[in-house]
A.B. asks: 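Questions regarding the structure given below will be posed in turn.
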2 protein chains.
Amino acid sequence: MTQEQYSKYSFLLDRTARKVKQYAQQQFKTGDFDVTVDQWLVLKNLSENNLLSQTELANLVFKDHPTLTRIIDLLCKKGYVERVPHPQDRRSFQLHLTESGASKVVSLRPEIHQIREKAWENLSPHDFEEFKRILNTIYQNLNGESLDQ
Amino acid sequence: MTQEQYSKYSFLLDRTARKVKQYAQQQFKTGDFDVTVDQWLVLKNLSENNLLSQTELANLVFKDHPTLTRIIDLLCKKGYVERVPHPQDRRSFQLHLTESGASKVVSLRPEIHQIREKAWENLSPHDFEEFKRILNTIYQNLNGESLDQ
DNA sequence: TTCATATATTTGTCACACTAACTATTGGTA
DNA sequence: TACCAATAGTTAGTGTGACAAATATATGAA
């Protein structure tokens, strides 16, 4: 694997990831979803897992702590999330989806599914499995220590 | 392709693209390369294609104009690139790699190859071809009009 | 108890992505 | 010639990502 051409994967990977995010964000915007793609990821994970700490949530969505702090700030401003003081540990918060946040997740979930499917035209379920396998292998190759599933 | 699980590709794609960039950036940093990953992409394309306009370069590297403006600004500050006024069109510039920029490209190219190869451990050349095919298909599915190569 | 160390979160800085608005210039057309 | 739409590039605003450092609290050992 010493050929010149092998450098191109990083370009294609970055380009495609940006396109996927950009496409979704445009659809979010025309649909007046009132959240960004990354804010949606956080909301979705909170809806499946209430009362997480910020650290736990950061590990779920693979964002670093400063980034997550700022996303939570924005979601709090919009009224979708609340920071509840942790009863035992005064350093940390339990993140709580508000009524408004919960209904936002319910209403957006099917629409976002449709948006996500668009990328898979002309591709097979087998392609999907291969894609996931390759992405996970690359991730683990570069991840140093842990295997995290 | 209507299953719940098909939403996950966007998460894995984003996560892996970030990891690839982060890994490379760390290596760039420990090697004192004095450029970011995106600045390298621009330098590399300039070295293969001198005297491009910013618009032409933007189309090559798939970055938007404001982003490219700032990357060029930084590369000019570092002395790797110059903006030469276009002889016929006073709106535009021809981008020119300086001596310093050209030798930077020569010295970094092999090191960056090594960094990029790390991602492909445990993967085959066939995986590489499949990966490129899937990435390009997704890109084109979302790209609306053009097929760009 | 007290101190060193670890953990949870925030803040600051720099780089990049996307949008919108703006300047300057060009080129076609009335 | 005078206008006007299109083009090249820049600037500003917001959101995100990575990294370093700061703050507050917790925990374990001396």
Side-chain angles (χ1 to χ4, degrees), chain A residues 11 14-30 33-42 51-59 61-78 81 83-95 142, chain B residues 10-11 14-30 33-42 52-59 61-78 81 83-95 142:
Chain A
F11 171 71
D14 185 63
R15 181 179 84 154
T16 304
R18 274 188 287 131
K19 176 62 79 178
V20 165
K21 192 175 231 177
Q22 178 196 17
Y23 175 79
Q25 192 59 59
Q26 275 177 358
Q27 302 297 313
F28 277 35
K29 191 179 177 190
T30 65
F33 288 6
D34 188 39
V35 289
T36 67
V37 171
D38 298 279
Q39 290 164 17
W40 163 253
L41 176 66
V42 167
L51 292 184
L52 294 172
S53 74
Q54 291 190 195
T55 295
E56 290 165 334
L57 182 54
N59 292 335
V61 299
F62 290 87
K63 293 187 180 298
D64 61 19
H65 297 211
T67 299
L68 193 58
T69 290
R70 287 169 189 130
I71 292 176
I72 300 289
D73 285 347
L74 293 170
L75 291 173
C76 285
K77 260 189 216 163
K78 292 179 181 177
V81 173
R83 284 185 171 100
V84 180
H86 190 288
Q88 274 85 45
D89 188 338
R90 282 190 300 170
R91 291 171 303 180
S92 90
F93 299 104
Q94 291 178 325
L95 298 173
L142 302 182
Chain B
S10 55
F11 171 71
D14 185 63
R15 181 178 84 154
T16 303
R18 273 188 288 129
K19 177 61 78 180
V20 165
K21 191 176 232 175
Q22 180 196 15
Y23 175 79
Q25 191 60 57
Q26 276 176 358
Q27 301 300 312
F28 277 35
K29 190 178 177 189
T30 65
F33 288 6
D34 187 40
V35 289
T36 66
V37 171
D38 297 280
Q39 288 164 17
W40 162 253
L41 176 65
V42 167
L52 294 171
S53 74
Q54 291 189 197
T55 296
E56 290 166 335
L57 181 55
N59 292 335
V61 299
F62 291 88
K63 293 189 180 296
D64 55 39
H65 296 222
T67 298
L68 195 55
T69 290
R70 285 181 196 116
I71 293 176
I72 300 290
D73 284 348
L74 292 168
L75 291 174
C76 285
K77 260 188 217 163
K78 292 179 181 176
V81 173
R83 286 186 171 99
V84 180
H86 191 286
Q88 275 85 45
D89 188 337
R90 284 190 299 171
R91 289 171 305 182
S92 94
F93 299 104
Q94 292 178 327
L95 298 173
L142 302 183

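Naming: A, B, ... by sequence-line order, numbering from 1 per chain. Computation of the quantities below employed the complete heavy-atom set of this structure, encompassing side-chain atoms and omitting hydrogens, waters and symmetry-equivalent molecules.
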A.B. asks: For C/dT10, take OP1 and OP2 only and decide whether either is under 4.0 Å from a side-chain N or O of A/Gln54.
C.D. replies: yes

A.B. asks: Using whole Å, what does the distance between atom C1' of nucleotide C/dT25 and atom CZ of B/Phe93 come to?
C.D. replies: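 The distance from CZ of B/Phe93 to C1' of C/dT25 comes to 12 Å, rounded to the nearest Å.
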
A.B. asks: Check nucleotides 20-23 of chain D against the protein and report each pair of N or O atoms closer than 3.5 Å, with its distance, or say if there are none.
C.D. replies:
| unit_1 | atom_1 | unit_2 | atom_2 | d |
| --- | --- | --- | --- | --- |
| D/dA20 | OP1 | B/Lys29 | NZ | 3.2 |

A.B. asks: At less than 4.0 Å, is any side-chain N or O atom of A/Lys63 found next to OP1 or OP2 of D/dG17? Yes or no.
C.D. replies: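 The answer is yes; a side-chain N or O of A/Lys63 sits under 4.0 Å from OP1 or OP2.
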
A.B. asks: Would one find a side-chain N or O of B/Arg90 under 4.0 angstrom from OP1 or OP2 of C/dT26?
C.D. replies: yes

A.B. asks: Between A/Asp64 and A/Arg70, does at least one N-O distance fall below 4.0 Å, as a salt bridge requires?
C.D. replies: no

A.B. asks: Check this for me: does any side-chain nitrogen of one of B/Lys77 and B/Asp73 sit under 4.0 Å from a carboxylate oxygen of the other?
C.D. replies: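 B/Asp73 and B/Lys77: not salt-bridged.
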
A.B. asks: Give the ring-plane orientation class for A/Phe62 versus B/Phe11, where under 30° counts as parallel, over 60° as perpendicular and anything between as tilted.
C.D. replies: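 Aromatic pair A/Phe62/B/Phe11 classed tilted.
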
A.B. asks: In whole angstrom, give the distance that lies between atom CG of A/Asp14 and atom P of C/dC16.
C.D. replies: 11 Å

A.B. asks: Send over the distance from A/Glu56 CD to C/dT9 P, rounded to a whole Å.
C.D. replies: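 Taking atom P of C/dT9 as the reference, CD of A/Glu56 is at 8 Å.
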
A.B. asks: Which whole-number value in Å describes the distance from B/His86 NE2 to C/dT25 P?
C.D. replies: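 Result: 15 Å.
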
A.B. asks: Which atom names give the shortest non-hydrogen contact between A/Leu74 and A/Gln39, and what distance separates them?
C.D. replies: CD1-NE2, 3.5 Å

A.B. asks: Hey, does the side chain of A/Gln88 come within less than 4.0 Å of D/dA26's phosphate (OP1/OP2), counting only N and O?
C.D. replies: no

A.B. asks: Check B/Val35 against B/Gln25 and note the closest heavy-atom contact, atom names and distance.
C.D. replies: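 What the structure gives for the nearest pair is O-NE2, 3.8 Å.
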
A.B. asks: Test for a donor-acceptor pair under 3.5 Å between the base of C/dG12 and the side chain of A/Arg70, counting only N and O atoms.
C.D. replies: yes

A.B. asks: Just how far, in rounded Å, is C1' of C/dT9 from CD of A/Gln94?
C.D. replies: 15 Å

A.B. asks: Taking only side-chain nitrogens and oxygens of A/Thr55, does any of them come within less than 4.0 Å of OP1 or OP2 of C/dT9?
C.D. replies: yes

A.B. asks: Please check the phosphate of D/dT10 (OP1 and OP2 only) for any side-chain N or O of B/Thr69 closer than 4.0 Å.
C.D. replies: yes

A.B. asks: Please enumerate all protein N or O atoms sitting under 3.5 Å from an N or O of nucleotides 21-24 of chain C, with distances to 0.1 Å.
C.D. replies:
none

